[in-house]
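Just so it is clear: chains get the letters A, B, ... in the order the sequence lines come, proteins before strands, and each one is counted from 1. Please read all numbers here as calculations on a predicted model, not as lab measurements.
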Protein chains: 2
Amino acid sequence: MSLPHAILTALLERPSSSGLDLTRRFDRSIGYFWSATHQQIYRELGRLEAEGHIRALPAEQPARGQKKAYEVLPAGRAELARWTAAAQDPKPHRDAMLLRLRAAAVVGTAGLEADLRRHLELHRRQLAEYEEIEKRDFPPGEDSAQARLQHLVLRAGIELETFWTHWLTEALAGLPDAEDRPRGS
Amino acid sequence: MSLPHAILTALLERPSSSGLDLTRRFDRSIGYFWSATHQQIYRELGRLEAEGHIRALPAEQPARGQKKAYEVLPAGRAELARWTAAAQDPKPHRDAMLLRLRAAAVVGTAGLEADLRRHLELHRRQLAEYEEIEKRDFPPGEDSAQARLQHLVLRAGIELETFWTHWLTEALAGLPDAEDRPRGS
DNA sequence: CCGGGTTATGCAACTAGTTGCACAATAGAC
DNA sequence: GTCTATTGTGCAACTAGTTGCATAACCCGG
């Protein structure tokens, strides 16, 4: 339901992007909260063009392997505005790590620790990346409406990663099979 | 990839449950971080039985509309333990509300406020529900390994909902089109 | 000029999840 | 006794996302 709107947003933020341009930006910024592969993006670009929401910039390169840049048409912008304002129920979460912890409560925590540590490291790295972006793109004093909204979205990413690093640290501390726990305490 | 393991966990937590029993518990507890509909659950119960991970308790009720209770077989418990300990990469997030905020940065925030308020209310309610569960099921002083792990999972839910209520409150405060904002400030 | 790497576009098949509906048994209302 | 609501099971079709692979142009070294 949302991939076309993610693409419209990305294409409005930076017009005349190609499929590969968009793919690269889905790997960096937009993809942090709406990931997509290049195959999905190409498929969706085709649909959006067929619906009249975007169009390929005329460059008379008809063939495959040739760069093809798109821009958003008024109908596409209108659709994005409509979707943004429309009421939407939050999708139910699915988090495999929480499920694994709950499973571990019945079948035991053996073997879990290594992957908890790995995830902790991944979340720490993601957090560092977000903080880097914040330092680079949102220096203090900036306050255009657009910048404030984008900063708010980034803050969500930062706070979520902060939560996960804390939570995983706590989980690791509470594992019963830590072999180096002092006996006497 | 994880629905069968969610079902195995639920079925180990409370054996000889039927499809509908499981569905109800997916609506309350397990479903908070791994939701599933009854259709998914029935389909998966069939697969798990075919694979020899669970079996229907013998009750010689052959027909449709008759309650059918399942239990986990040793092979199912082993599979759950294997899965719990196996390394798994975190799945990429998809959050429509963050995407909408980012879209609003380019097409404007008109019409967004109502749904932000609605989501805030939903998250507040979910948070209240989690806190109710915590008070009921995890009184202070409890410290079996199983209870600590389950409490940890619940804490994740509480902290995530706390984050969202804060974040949405901040987002609402920052919307540019608040009509009752004093002029002079 | 041709072989291999990079950039770029795209199809096809598969997997997981959702939506809509159907059907059987049972319990209580009238 | 039969009508209706509730409980319980389940199939089928659809939608979204993933995985694997194919193809074409271009660029650079030899």
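B/R14 CZ: 12 or fewer foreign heavy atoms inside a 6.0 Å radius.
The listed nucleotides are C/dG10, C/dT18, D/dG10; the one nearest the side chain of B/Q40 is C/dT18. Closest to the side chain of A/K68, out of D/dT18, D/dG17, C/dG10, is C/dG10.
Proximity of residues 9-33 of chain A to DNA chain D (heavy atom under 4.0 angstrom from any strand atom) is not detected for any residue.
Side-chain contact check for B/P4 versus B/E44: some heavy-atom pair is nearer than 4.5 Å.
B/E13 meets the side chain to side chain donor-acceptor pair (under 3.5 Å) test with A/R102; sequence neighbours excluded. Residues passing the side chain to side chain donor-acceptor pair (under 3.5 Å) test with B/E129, sequence neighbours excluded: B/Y32.
A residue-by-residue look at B/Y70 and A/W34 shows that B/Y70 has its nearest nucleotide of DNA chain D further toward the 5' end.
For A/K67 and C/dT7, the NZ to P distance is 11 Å, given to the nearest whole Å. If you measure from atom CZ of A/R47 to atom P of C/dG10, you get 14 Å, rounded to the nearest angstrom. Counting to the nearest Å, the C1' atom of C/dT9 and the CD atom of A/E49 are 13 Å from each other. Between the NE2 atom of B/H38 and the P atom of C/dA22 there is a distance of 14 Å, rounded to whole Å. Taking atom CG on B/L45 and atom C1' on D/dG8, their separation rounds to 12 Å, with Å as the unit. Atom pair A/Y42:OH and D/dT18:C1' shows a separation of 17 Å (rounding to whole Å applied). If you measure from atom NZ of A/K91 to atom P of C/dA16, you get 18 Å, rounded to the nearest angstrom. The CD-P distance, from A/E44 to C/dT9, rounds to 16 Å in whole Å.
With B/Q40 contributing its side chain and B/T37 its backbone, the two residues share a donor-acceptor pair below 3.5 Å.
One cannot find a donor-acceptor pair under 3.5 Å joining the base of D/dG17 and the side-chain atoms of A/Q39. For B/R43 and C/dT18, a side-chain-to-base donor-acceptor distance below 3.5 Å is present, hydrogens and geometry of angles not being considered.
One distance of note links CG of A/L73 with CG of A/L48; it measures 10.0 Å at 0.5 Å rounding.
The aromatic ring centres of A/H93 and B/F33 sit 6.0 Å or more apart.
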